[in-house]
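Notes to accompany the following structure.
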Amino acid sequence: MNILTLENIEKNYSERRLFDQASFYLQEGEKVGVIGINGTGKSTLLRMMAGEEEPDGGRIVRANHVVVRMLPQQPVFDEHMTVLEAALDAQNTEHFTDHFTLEAKAKQMLAELGITDVDQNVQVLSGGLKKRVAIVATLLSEADILIMDEPTNHLDSKTAQWLEDYLKSYKGALVLVTHDRYFLDSVVNRIVEIDKGQMYSYDANYAGFLELKEAREQMEDAGERKRQSILRVELEWVKRGARARTTKQKARLERYEELKNRHAPVRDGSVELSSISSRLGRTTVELHQVSKAYDHPLFTDFSYIFLKGDRIGFIGENGCGKTTMMKLIAGLVQPDSGQVVVGQTVKIGYYSQEWENDPSKGIAYMNPQARVIDYIRDTAEYVRTENGLISASAMLDKFLFPPQEQYARIEKLSGGEKKRLNLLRVLMEAPNVLILDEPTNDLDIRTLTILEDYLDHFDGIVIVVSHDRYFLDRVTRRLFAFEENGIRQFEGNYSEYALVREVEQAQSAEAFAGKAPAAQTVETSSETLTRAQERERQGRTHAAKVKFSYKEQREYETIEDDIAALEQKLEDIDNEMAANATNAAKLRELLEEKENTEQLLEEKLDRWEYLEELARKME
């Protein structure tokens, strides 16, 4: 039975047309995932479904007596509410007569999500804990249709898994927007994509959607090729001077006009960025026995030396200290004890989940009145990539901000578009150590996919805090897990770590019950490390001794200064070329000097890499 229909919907926001005669339907018990790039109207669509916003045109039809409940992306609670009162809001209590049973169920669900103090004020909770309370409030309602906007944002992996399991067994209809690709694959049975003001439906989970979308676009492209072929034939006929004397000729001319005026399929631009990074010297970032506590200890005596090419993920439950660790690495907070050593050539790019409209925050301030183009130009007017110098405007265009949108005020952007803009700002700084704190929150799947591809070619260190299991699997090769007994180093991605933890917990449960532990089928991270270290030790024992010659030692001591001088010379030449833009003779001279300097720099960099490798073997 069809319980919700949006028919020929039109919706405009500011100067942007979000929906153009678009339609949507929902059947009983159906679970639908809505996807699309940031700014295409996903959240607006959900609010229209929930009756919180009206379309500019078209109509919305709901079946009789259908109850709709929505989880907003940013839940808001009364400042005087307790946690239990927030979970038992008016929308829940009006549908229940047995309030004792409802309260008991609320307490049980809150406890399962790690919230036991239900009498504390809800405003003292972190963003992640507030989201859990809002989820409980939404799930408690006897709704026929659940609408959820980014339900996994700010949730740790354990809570996201709990919600995933709950929704898989949920009997009502579900419509959700999420960037979590594992979540989509597991929960939904239909994908609706918002694209250029239209909605396209695919009866599949996310993996099936990718295949079906590719097939749809191939069909559209084949139709466009056929249109162009017919148009060429008709155009030749028109050029021969066909006169509209007969009905047949008039019909043919009308067909030509119709073919000419038909629009070709429009494809999204791609978020393509060449690798942007600065040279990384011998000393990177070193943590020596660092400790930090606020109202309770977060981590104690933690040490690690980041290696070139490291792809590190920090994981753990909300509030365990992951973001504090990121800020400590970035120099935004200081350890209570221990030392953080940052090399002279290290340039840290810090992508924070705490972008603010408040300039006093000092992390990722966004002036809402500033223009998009100025926000990026304030970071860099030009940036050097593998393909040469690229302007701020060109970079914005590559990052899905076309020229006509670059002079818009930041306040006009959606939350996801602000996140995308902030990410571009960080990359434009050309860092060689990239710190990403919850980068998947509010970014659309398409942008995440391109970011993942970009990180594959990033010539530097990547440090990630994320609860997105797919993103962690795709990007990281080593994890630091904040567990009950401290920080644990694990060699592998998140799925491998989760499997090891599952085996360990099963063995622990069996041991507690007095049973013999089951045969161990998964090698733990400590064993993996021990074996790797033993292999490395043996390799060092048998390797031939290497050392610098006198000349190489002197060269090694000065080569970074030589490289820095050449890089500064190239920057000076670029500035001089800009100042002599109308002097052709001078430009030719500067261009030749630039080519010679770039060649010298390339030779120095090759030599530096050789010496660095030799130094590493010596160590």
Side-chain angles (χ1 to χ4, degrees), residues 273-290 292 299 302-314 322-335 338-352 362-364 379-380 383-386 422-437 439 451 454-465 475-478 480 487 489 556-571 601 604-616 618-619:
L273 287 174
S274 300
S275 180
I276 307 169
S277 62
S278 305
R279 178 179 53 84
L280 191 59
R282 290 190 295 273
T283 303
T284 58
V285 178
E286 302 178 1
L287 306 179
H288 299 288
Q289 295 182 304
V290 295
K292 190 66 181 179
F299 43 85
F302 177 74
S303 298
Y304 183 73
I305 297 175
F306 289 90
L307 308 175
K308 294 175 182 177
D310 257 352
R311 296 296 186 267
I312 304 293
F314 284 84
K322 303 184 301 297
T323 294
T324 300
M325 180 70 80
M326 298 298 99
K327 291 181 178 179
L328 187 143
I329 295 170
L332 298 172
V333 300
Q334 297 302 313
Q339 186 182 20
V340 180
V341 178
V342 179
Q344 288 187 344
T345 61
V346 168
K347 189 173 184 181
I348 293 176
Y350 183 73
Y351 175 83
S352 170
I363 297 175
T379 301
V383 66
R384 183 178 297 279
T385 73
E386 296 170 345
N422 184 29
L423 177 61
L424 176 57
R425 176 193 61 82
V426 173
L427 297 180
M428 288 284 285
E429 293 172 349
N432 47 35
V433 175
L434 188 56
I435 299 176
L436 303 173
D437 190 3
L451 173 60
Y454 175 82
L455 294 179
D456 285 343
H457 303 95
F458 179 72
D459 187 21
I461 296 170
V462 177
I463 308 169
V464 174
V465 168
V475 170
T476 63
R477 296 192 291 268
R478 175 176 296 147
F480 287 98
I487 300 177
Q489 182 172 335
Y556 187 59
E557 291 170 357
T558 61
I559 193 166
E560 289 195 357
D561 292 336
D562 295 341
I563 290 171
L566 288 170
E567 289 174 337
Q568 182 60 52
K569 184 177 180 180
L570 279 175
E571 187 176 335
L601 178 59
K604 282 286 185 183
L605 287 171
D606 288 342
R607 184 65 178 168
W608 172 76
E609 288 181 3
Y610 164 75
L611 294 172
E612 278 286 299
E613 179 64 19
L614 192 59
R616 188 189 66 79
M618 290 167 58
E619 291 172 1

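Just so we're clear, the structure is a prediction, and the values are computed from it rather than from any experiment. Excluded from the calculations below are hydrogen atoms, water molecules and symmetry mates; all remaining heavy atoms, backbone and side chain alike, are included. Along the sequence shown, the residues carry numbers beginning at 1.
Every side-chain contact (heavy atoms from CB on, under 4.5 Å) that R477 has, sequence neighbours left out, goes to R311. Take Q289 and apply the side-chain hydrogen bond (donor to acceptor under 3.5 Å, both in side chains) test, not counting sequence neighbours, and it matches no residue. Applying the salt bridge (charged side-chain N to carboxylate O under 4.0 Å, His left out) test to E567 and every residue at least two apart in sequence or in another chain returns R279. Contacts of Y304 classified as ring-ring contact (aromatic ring centres under 6.0 Å, His included), with partners at least two apart in sequence or in another chain: F306, F480. Under the side-chain hydrogen bond (donor to acceptor under 3.5 Å, both in side chains) criterion, Q568 pairs with D572, not counting sequence neighbours. By the side-chain hydrogen bond (donor to acceptor under 3.5 Å, both in side chains) test, K308 pairs with E612, sequence neighbours left out.
Under the 4.5 Å side-chain criterion, counting only non-hydrogen atoms from C-beta, D310 is not in contact with V462.
I461 contributes atom CD1, which lies 4.5 Å from atom OG1 of T284 (distance to the nearest 0.5 angstrom).
In this structure, V426 and P431 approach most closely via the heavy-atom pair O-CD, 3.5 Å. Nearest approach of V465 to P439, heavy atoms of both residues: O-CD, 3.5 Å. For the residue pair K604 and I559, the shortest heavy atom distance occurs at O-CD1, 3.6 Å.
Between the side chains of D437 and T323, a donor-acceptor pair is found at a separation under 3.5 Å.
Under a 3.5 Å cut-off, the side chain of E560 and the backbone N or O of R282 do form a donor-acceptor pair. With hydrogens and angles disregarded, no donor-acceptor distance shorter than 3.5 Å links the side chain of K292 to the backbone of M325. No donor-acceptor distance shorter than 3.5 angstrom exists from the side chain of D561 to the backbone of T558, with no hydrogens or angles considered.
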